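Worksheet: one structure, shown below.
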Amino acid sequence: MEPTTPPSFPPLPPVDDAQTALVCDERAWPYRSACAAGGGIAHLRVWKARNGHVAIVTETGLGASTTNSAGEIWDELTARFPGALVLLEHWPAGSPGEQAVAA
């Protein structure tokens with residue numbers, strides 16, 4: 001996989017709760033995938049929570065999708081960040097993976 005620069009996304013608002021803290025903000029986080037692409041690059045943000053961590057993995061469109069790689073992403077993050085984990089997959093508005101919802 002060739003190194004590329006992922007698109008830029010606006011920052012999330014800060015978390016003001018004294019028991020939470022941003023512990024990881026990797027704009028070009030490489031992940032493995034069992035998909036044909038073998039892996040991808042996402043924007044990873046992880047916050048410390050009271051009993052574990054909350055992670056947001058933002059799709060960048062580089063390599064295998066975060067949707068198809070969710071199992072491998074989960075395995076890597078649970079090994080890296082101990083305790084309970086809430087994993088949110090984020091596709092930015094207007095990205096190729098976004099689907100319109102019929103009214």
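Please read all numbers here as calculations on a predicted model, not as lab measurements.
In this model, a donor atom of one side chain and an acceptor atom of the other lie less than 3.5 Å apart for T58 and R45. Looking only at atom types and distance, the side chain of E72 has no donor-acceptor partner in the side chain of W74 under 3.5 Å away. With hydrogens and angles left out, the side-chain atoms of T66 and E59 include a donor and acceptor closer than 3.5 Å.
A donor-acceptor pair under 3.5 Å links the side-chain atoms of Y31 to the main chain of A64, judged by distance alone.
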Pair H53, V23 - check side chain to side chain contact (heavy atoms under 4.5 Å, CB included), show working. CA-CA 9 Å; H53 294 87; V23 295; 4.1 Å; yes

Please evaluate residues F81 and C24 with respect to the criterion side chain to side chain contact (heavy atoms under 4.5 Å, CB included), reporting the C-alpha separation (whole Å), side-chain torsions for both, the decisive distance (0.1 Å), and the verdict. CA-CA 10 Å; F81 299 101; C24 175; 4.0 Å; yes

Intermediate values then yes/no, side chain to side chain contact (heavy atoms under 4.5 Å, CB included), L85 and L77: CA-CA 8 Å; L85 177 70; L77 293 180; 3.8 Å; yes

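Side-chain contact check for E89 versus T67: some heavy-atom pair is nearer than 4.5 Å.
Test L44, V46, I41, T60 against W29 for side-chain contact (heavy atoms from CB on, under 4.5 Å) and you get one pass: L44.
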